[in-house]
Structures are given as structure tokens and as C-alpha cells.
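Please read all numbers here as calculations on a predicted model, not as lab measurements. Every chain is numbered from 1 and lettered A, B, ... according to where its sequence line falls, protein lines coming before strand lines.
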Protein chains: 2
Amino acid sequence: MSKKAVTREAILQQAVALASSNGIAALTIGELASASGMSKSGLFAHFGSKEALQLAVVEAAQAQFVAETLQPVLSLPRGLARLTALFDGWVGRLAGGRYPGGCPLLAACYEFDDQPGVGRDALIAGQARLRDTLQRMLQDAADNGELPPGSDPALLAFMLFGLVQSAHHDRQLLGRSDGEQMARRGFALLLAQGRV
Amino acid sequence: MSKKAVTREAILQQAVALASSNGIAALTIGELASASGMSKSGLFAHFGSKEALQLAVVEAAQAQFVAETLQPVLSLPRGLARLTALFDGWVGRLAGGRYPGGCPLLAACYEFDDQPGVGRDALIAGQARLRDTLQRMLQDAADNGELPPGSDPALLAFMLFGLVQSAHHDRQLLGRSDGEQMARRGFALLLAQGRV
DNA sequence: TGCAAAATAGCACGATCGTTCTTTTTTGAA
DNA sequence: TTCAAAAAAGAACGATCGTGCTATTTTGCA
């Protein structure tokens, strides 16, 4: 791998970590440069513009999620097993100290929602795809007869996404550490065969 | 009312509107001044510091929510009726064009979650109180026998909050207009006496 | 090992940030 | 109507923003 690619990767690791704390919008080239031990202009040359940097950060954060949370569960059998593992990993990720400042992608959703550009486009595409993935897993579980009869995969995907957001909200803003457990209980409630 | 108070109120109206689009953190004194038809220094004198301005914006947005969404339902009888009206108003508020750029308070939750200060403190207090209010309404409904037996008000409050966030996410980022309906269906699913 | 090319640093630019002055305009009561 | 007080404007500050430019260092192949 060329030195350029190695350095770029190291920069993006730093960038995602900083974006976790302060948000992608607040991520400054000067701040990122000093955090990476580089000069402003040296770092800037890797991206060419702030917008390109933001896009790279979004893509890096998405790649981390896919590699660390989505990819590992694909070895499990389709249906409830795979779905449960994804949800567990997803919620556990929020509490696991991976991003002490909160999930950079969830934060980006609020920063970018009124700021058109390539970063926003990439974020939307990734979020929509994640939702589709979730919905497909729910459909697989329903096809296996592992969900209550009459379950609506689209509605359940919507609600599971809400559980994740609520858990994140509780932990990052309110400082409540039981959000993770609440989300798991909500998951069980929504997918339980019998009434809980 | 003194002229100062009138002007300050007008400034804060503008500020909340701008914060809806760009976020409170990105709210600039110069931008707010020109949007309000004032000079930077003239506006600045009303608050004394950026931090005080942010606090005032958070409090103004919270006051708007209480006055427009929470207060009106307090005339309804305690229990499921009041709870349903609050949730309806809350979700409808997201879609109603009141804040085209999204809910400024939800956005603030992500901006402030790692930025200590009086603005963050006020936001946390308001969010925690809203959650308590929601939970108390659920408890009232449970006491009335209007919820499925064994329902956990704390868990349901957590999940209803998630529905609101998911609806906001769908509308503001993904551009899906059916998030409002999804949230209502989720509400019905969670609170239904019989299994849906 | 030499050397073009790639990567990084240094410096400066216009713009805008939050903030502090002083000066001007506007207000409201005597 | 007068006039002190309140409110707003104007100008400037140091700092930092994103982004160009040129110079210097470092890399990887001949």
C-alpha cells in the first residue's frame, strides 16, 4: 500500500474519532491536522476540499459499521438468529466504548439533514440501505415463522431503528446506562411470539 | 413590555427557526443579526455571550414545545386520552411544517451531548422532564386499566421516544413522509389491549 | 546510490468568528 | 418638549476558518 493511502487511513481514523465527539460539521481541518500530527496544508492535500473530507469521513464511519457490526453476523443463518445478533451488536456498539462521544453516523444524520452535498447523499444512501437490510432480515424471520403472525417487517424495522436511537439518546445525553438493556427488552417485546 | 424584551423575543423566534435548519451550534451571531435586521453588536448586547445565547435558544425552543404541544393536552382527562393526544400532537408537530429543518431540540441533543455548559444542562433537564411526563402518563393509563396487563411504563416511554426519533429521522434525512403514520401505528401496537 | 516524483510543510490570503470598545439613535418619563 | 437612560450601530481586535501558493522533505524506482 502506498504511503499516501496509509496516511489517509490514519487521518480518517482520527477524523471519525473526533467526529464522534464534536460532530462532522464541527470537524476542523486545523484541529484534525494537529490531532494527526500533520500540517494543515499537508493534510488538506489528501482531500482537496472540506466537502471531500466530510464525504471521506462519512464513508469511513460507514465502512467501520459494516466491517465491525454487519459483516460478522452474515455467517449466521438467515432469520431471527441473524437479526438478533445484528441488533445485539448494534446496541452493544453504542455502549462498548467504541465511540465515547456517540455514534458519528447518528450524529451526522442530524447535522446533514439540511445541508445538501455529497456527504449528505452518501449518508442517506447508507442509512436507507441499513434500513432495507434490517427489513429484509425481519422478512426472513417472518418467512421462517419466527415472528408473531401478522408482523409487519417495515413497521418493525422502523421501530427497531427507534430503539437504537432512543438508547443512544439515553446514554449520550441523559447519561443513563440502562438504555442498552431497555433496547434489548424492547426488541424482545416486539419480536416475541407470545405477548410479554 | 419593554422594548428590550420585545426585541429579544423576536430575535429568539428567528434563532429557533435558524437552529431548526442549521443547528444551534452552527448558529452564528452575524447570521442571526442579519436575519433579524440588526447589527452584530446590537444583537450581542442582548445576551452578552454566545453561550448565553445558546441557552436562551434552548429555553425558547423548550417553551414553544410546552406551550404548543404539552400544555394543550393537559385539559384532557388523565390516562390514555391525554397520552394519545400528546403523542399525536408531538408526531404531527414534526410533519406540520412548524420546523421545516427538523426539531431544533432533537438536533440539539446530538450537538450538545459532548459539549458541557449551561445550554447542555438546560437541554438535559428538559428532556429528562419530558420523559418523566411521558412515563407518568403511561402510568396513569395503566392505573386506569387502559394498557395491556404487565405493561412497563418506563419501557414504553423509552420506546415511544424512539418512535418519535425514528419518525424524525425518516422525514428529515430519508425524506420519507410516511414516518408519521409509522409512528402512530407503532403507538397503537405498543398500547393495544389485544395483540395486533 | 542517484533523482524524478510524491508527500508534506510553511506561509499568506480573504472571510468570518466572538467579543470589546465608542458613538449614535431611540425611548419613555418628568 | 426636554433629557437622561436605554438600545442599537459602527468599527476594530485577535483568532481561526478553508484554501491557494511555493519550498522542502521524503519516498520508491532506475
Side-chain angles (χ1 to χ4, degrees), chain A residues 1-16 18-19 21-60 107-108 111-112 114-120 122, chain B residues 1-16 18-19 21-60 107-108 111-112 114-120 122:
Chain A
M1 190 160 52
S2 71
K3 175 146 205 294
K4 181 153 205 164
V6 172
T7 304
R8 184 186 158 104
E9 204 54 39
I11 291 172
L12 288 177
Q13 291 292 325
Q14 275 288 333
V16 173
L18 286 178
S21 301
N22 308 113
I24 290 183
L27 188 61
T28 272
I29 293 182
E31 182 191 14
L32 180 56
S34 73
S36 305
M38 291 185 64
S39 68
K40 253 173 60 172
S41 54
L43 186 145
F44 184 82
H46 279 271
F47 304 95
S49 74
K50 177 92 183 273
E51 193 181 14
L53 169 63
Q54 288 183 337
L55 171 61
V57 175
V58 168
E59 289 175 339
E111 300 180 41
F112 278 127
D114 258 290
Q115 177 190 329
V118 290
R120 179 188 136 117
Chain B
M1 189 159 55
S2 69
K3 173 142 206 291
K4 181 153 202 163
V6 173
T7 305
R8 183 187 158 105
E9 204 54 39
I11 291 172
L12 288 176
Q13 291 292 326
Q14 275 289 333
V16 172
L18 285 177
S21 301
N22 308 111
I24 290 183
L27 188 61
T28 272
I29 293 182
E31 181 190 15
L32 180 56
S34 73
S36 306
M38 291 184 64
S39 69
K40 253 172 61 173
S41 54
L43 186 145
F44 184 84
H46 279 270
F47 304 96
S49 73
K50 176 93 184 272
E51 192 180 15
L53 169 63
Q54 288 183 337
L55 171 61
V57 175
V58 168
E59 288 175 340
E111 300 180 41
F112 278 128
D114 258 289
Q115 177 190 330
V118 290
R120 179 190 137 115

query = Do B:Gln115 side-chain atoms and B:Arg120 backbone N/O form a donor-acceptor pair below 3.5 Å?
reply = no
request  = Starting at atom CG of A:Leu43, determine the distance to atom P of D:dG20, rounded to an integer number of angstrom.
outcome  = 15 Å
key: side-chain N/O B:Thr7 vs D:dA8 OP1/OP2, d < 4.0 Å   = yes
Pairwise 5' ranking along DNA chain C for B:Lys3 and B:Ala25, keeping only the more 5' one = B:Ala25
task = Identify the two heavy atoms, one from A:Val57 and one from A:Val16, that lie closest to each other, and give their separation to 0.1 Å.
result = O-CG2, 4.0 Å
request  = Using heavy atoms to find the nearest nucleotide of DNA chain C for B:Ser2 and B:Glu31 separately, return the residue whose nucleotide is more 5′.
outcome  = B:Glu31
query = How close or far is atom C1' of D:dA8 from atom CZ of B:Phe44, stated in whole angstroms?
reply = 14 Å
inquiry  = Using the rule given for side chain to side chain contact (heavy atoms under 4.5 Å, CB included), can you reason through A:Glu59 versus A:Leu12, listing the C-alpha separation, both sets of side-chain angles and the distance that settles it, and then say yes or no?
reply    = CA-CA 10 Å; A:Glu59 289 175 339; A:Leu12 288 177; over 6 Å; no
request  = Can you see which heavy atom on B:Arg8 is nearest to which on B:His46, and at what distance?
outcome  = NH1-O, 3.5 Å
task = Would you mind classifying the nucleic acid contact of A:Ala45 as base, sugar-phosphate or nothing, using non-hydrogen atoms under 4.0 angstrom?
result = base
request  = State whether the distance check finds a donor on one side and an acceptor on the other, under 3.5 Å, for side chain B:Ser41 versus base D:dG10.
outcome  = yes
request  = Can you tell me the distance, in whole Å, between the CG atom of B:Leu32 and the P atom of D:dA9?
outcome  = 13 Å
ask   = How long is the line joining CG of A:Leu27 and C1' of D:dG18, in whole Å?
value = 13 Å
message = So which atom in A:Asp114 and which in B:Ser21 form the shortest heavy-atom distance, rounded to 0.1 Å?
response = CB-O, 3.2 Å
ask   = Quick one: on DNA chain D, does B:Lys40 or B:Ala5 contact a more 5' nucleotide (nearest heavy atom)?
value = B:Ala5
key: Between D:dG10 (P) and B:Met38 (CE): distance, integer Å   = 11 Å
inquiry  = Need two values: the first and the last nucleotide of DNA chain C, 5' to 3', having an atom under 4.0 Å from any heavy-atom of chain B.
reply    = C:dC17 to C:dT27
Show every donor-acceptor pair shorter than 3.5 Å between a side-chain atom in residues 30-37 of chain B and any protein atom, with sequence neighbours excluded, or say none if there are none.
{"from": "B:Ser34", "atom 1": "OG", "to": "B:Glu31", "atom 2": "O", "distance (Å)": "3.1"}
{"from": "B:Ser36", "atom 1": "OG", "to": "B:Leu32", "atom 2": "O", "distance (Å)": "2.8"}

ask   = Within the pair A:Thr28 and D:dC17, is there a side-chain N or O less than 4.0 Å away from OP1 or OP2?
value = yes
key: Sidechain-backbone polar pair: A:Glu51 side chain, A:Gly119 backbone, donor-acceptor under 3.5 Å   = no
ask   = Between D:dC17 atom P and A:Leu53 atom CG, what is the distance in whole Å?
value = 13 Å
